[in-house]
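For reference, the structure discussed in these notes is given below.
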Amino acid sequence: MAIDFTLSPEQKAVQTLARDFAENVLAPVVRDADREPDPLKAFQLTKPAYVEAYRRGIAFGMLPKEYGGGGLTNIELIIAAEEICAVDPGFACTVLVNGLALLPVWYWGTEDQKRRVMEAATSDPSGEFIAGYAASEPPGTPGGTANFDAPLAHPVGIGVTARRDGDEYVLNGRKYWPCNVGGWDGQGANVNLVVVRTDPDRGGTEGLSAVLVERGTPGVTYSIIDSFGHRLTPNSEIVFTDARIPADNLIEGTHGHGDLLINRNFAWSGPVAGIAAVGVARAAYEAALDWAKTYTAGSPQPMIHFQNVGYVLGDVAARIEACRYFCYKAAHYIDEHDYHGELIGAMNKTYCTETLFDSVYKCMQVVGVNSADRKHMFEKYLREAAIFPIYDGGNFGMQRRRVHGVLASPGFNPRALMDNEFVEFTKEMETIGTVVHRGEEALLR
Ligand SMILES: Cc1cc2nc3c(=O)[nH]c(=O)nc-3n(C[C@H](O)[C@H](O)[C@H](O)COP(=O)(O)OP(=O)(O)OC[C@H]3O[C@@H](n4cnc5c(N)ncnc54)[C@H](O)[C@@H]3O)c2cc1C
C-alpha cells in the first residue's frame, strides 16, 4: 500500500488553507498589481496579502518547527504552492525565495546563525519579514550565472568578491535578478544570503561561499528590474561597493562550497517550479474548458463539441496530471533524502516547465483570437509560463548541465531514482560543459 495518491488529512488541510488564501486573499489583488507599470509599486500592492500569508504560516512554512517555521514537508509545500501558483506564481516565488535564503542557513549555519536569522524571520510581529537569495549575476563579458562552477579563477564565473579584512569581509561587485533582496521599499530585505567569491585565485568549485548581508549595510544599493512575467515578485540588481560585513556572517559550512549550495538550492526548488508550471497550466486549462463549454464560435453548439477542441484539452489535462505526479515524486525524494535532489529536482523542473509552456499556448489556440484580449487572463498565463524554463537556474545552462554531470559520473546508477536510492551530488559532477574546446585546440587535447 506504499504508492497511494490520496492526500492525507494533514496534506488536505494544507491544500485547503492554501486554496482559501489564494482565492480569497491573493486573487483580489493580482489583477491590478500585475497591471501596475512600476514594478516596485506592483510588488508593494501584494504586501497586505504577504502579511496575511505570514499570519497563516505560509510565508515561512518551509522552515523547520524547531526555529519557528511551519515544518511543512516538501510534499506539503508543493501542494500549497500549486494552489497559490494557479492564482499568481510571482507571489509564490517571493515565498519560495524565503526558503532559498534561509534553508541553507539551516543546512550549513552555526547554531547561533540559525537562531539569529531563522528565529528573526519567524517571529516578526509585523509579518513583513522577507529574505533574499542572491546567486545570479549580470550579463556581460565576463558575466552571467550559468557557469558559476567553471574551474577557472576570477573573473570567470561568480564575480562578486568578498575579501577578508580582519574581522570583516569586504564585498564588491554586482548581482542581477535575485528576488526579494531589495525588500518592500527597495532599501534591502531584512536579510540576504549572497553567494560570493571568497577566494579569487580559485575556480568555482573551490572559491565560493555564502554570506549574510543585513538590511542597512553601508555600501549596498538595490534597483528593481522591470520583467515581463512574474511581475509580483521583485527581481533586483544589487551593487556592492566596499560593503563591510562581520566575518561571522559567513555561513561556515559553505566556506569553499558555495557551488554545492547553488546546486542544492536550485534542486530543492525544482519541484516547486515544476508545480508552479502545473498551477498556471491548470488555471489556463480550466479557463479554456469553461470557454469551450460556453461559447459557440458561430456554430450551433458550444466549441467543446468540435473534435480538435476535445482532443487538445484532453491532452493538456493528461500532461497536467503527469507533471503533478512527477512533482510529488521529486518532492517525496527530497523529503526522504535530507533535502537533496540535485538530479531529480533538475529533471523535474526542466520536464514540467517545458511540457506545460506548450500546454498553456494550446489552451490559447483552443480559445482562439479572444485569448489575445487582455481582459481575459490567457496572456498573463502565457507570460508567467514563459518565465518557468528560464528562471530558478535556467533549464539550459544550469539544470540540464547538472543532470548531464550526474549521468556522466562513473558510478551513476540509472535505476537510482526508480529505486529511491540516494544520489550523492559531488564536486566531480560539476563543471561539465563550462569550458568549451573548439577546433584544433580540442584535437590537441
Ligand atoms: C522570476 C525570477 C526569479 C528569480 N529569482 C532569483 C533569485 O531569487 N536568486 C537568484 O540568484 N537568481 C534568481 N533569478 C535568476 C535565475 O535563477 C536564472 O535562472 C539564473 O540567473 C541563470 O540564468 P541563465 O541560465 O539564463 O544564465 P546565464 O549565465 O545568463 O546564461 C544564459 C544562457 O547561456 C547558455 N549557456 C551558458 N552557459 C552554458 C553552458 N555551460 N552550457 C549550456 N548552455 C549555456 C544557456 O542558453 C543560458 O540560458 C530569478 C529569475 C527570475 C526571472
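Counting starts at 1 for both ligands and their atoms, in listed order.
Counting the atoms of ligand 1 from 1 in the order shown, those under 4.0 Å from a heavy atom of Ile390 are 18 (C), 19 (O). The distance from ligand 1 to the heavy atoms of Asp392 drops below 4.0 Å at these ligand atoms: 16 (C), 17 (O), 19 (O). Interface of Phe266 with ligand 1, defined as ligand atoms under 4.0 Å from a residue heavy atom, comprises 17 (O). Against a heavy-atom cut-off of under 4.0 Å, Tyr133 is close to the following atoms of ligand 1: 7 (C), 8 (O), 9 (N), 10 (C), 11 (O). Proximity to Met398 (heavy-atom distance under 4.0 Å) selects the following atoms of ligand 1: 22 (C).
Of the residues Lys427, Arg402, Gln399, the one that meets the side-chain hydrogen bond (donor to acceptor under 3.5 Å, both in side chains) test with Asn263 is Arg402.
Listed by chain and number, the residues in a side-chain hydrogen bond (donor to acceptor under 3.5 Å, both in side chains) with Asp373 are Lys375 (sequence neighbours excluded).
Contact annotation for Val97 and ligand 1: only side-chain heavy atoms (C-beta onward) come within less than 4.0 Å of the ligand.
When the heavy atoms of Trp177, Phe396, Phe388, Phe228 are ranked by distance to atom 13 (C) of ligand 1, first place goes to Trp177.
For atom 20 (C) of ligand 1, the nearest protein heavy atom lies under 4.0 Å away. Within 4.0 Å of atom 32 (C) of ligand 1, not a single protein heavy atom is present.
Given atom 48 (C) of ligand 1, the protein heavy atom at minimum distance is Gly397 N, 4.1 Å. Scanning all protein heavy atoms for the shortest distance to atom 12 (N) of ligand 1 gives Ser136 OG, 2.7 Å.
For residues 132-153, the set of pairs meeting the salt bridge (charged side-chain N to carboxylate O under 4.0 Å, His left out) definition, not counting sequence neighbours, comprises Glu137-Lys175, Asp149-Arg401.
Ring orientation note: the planes of Tyr333 and His337 are tilted relative to one another, at an angle of 30° to 60°.
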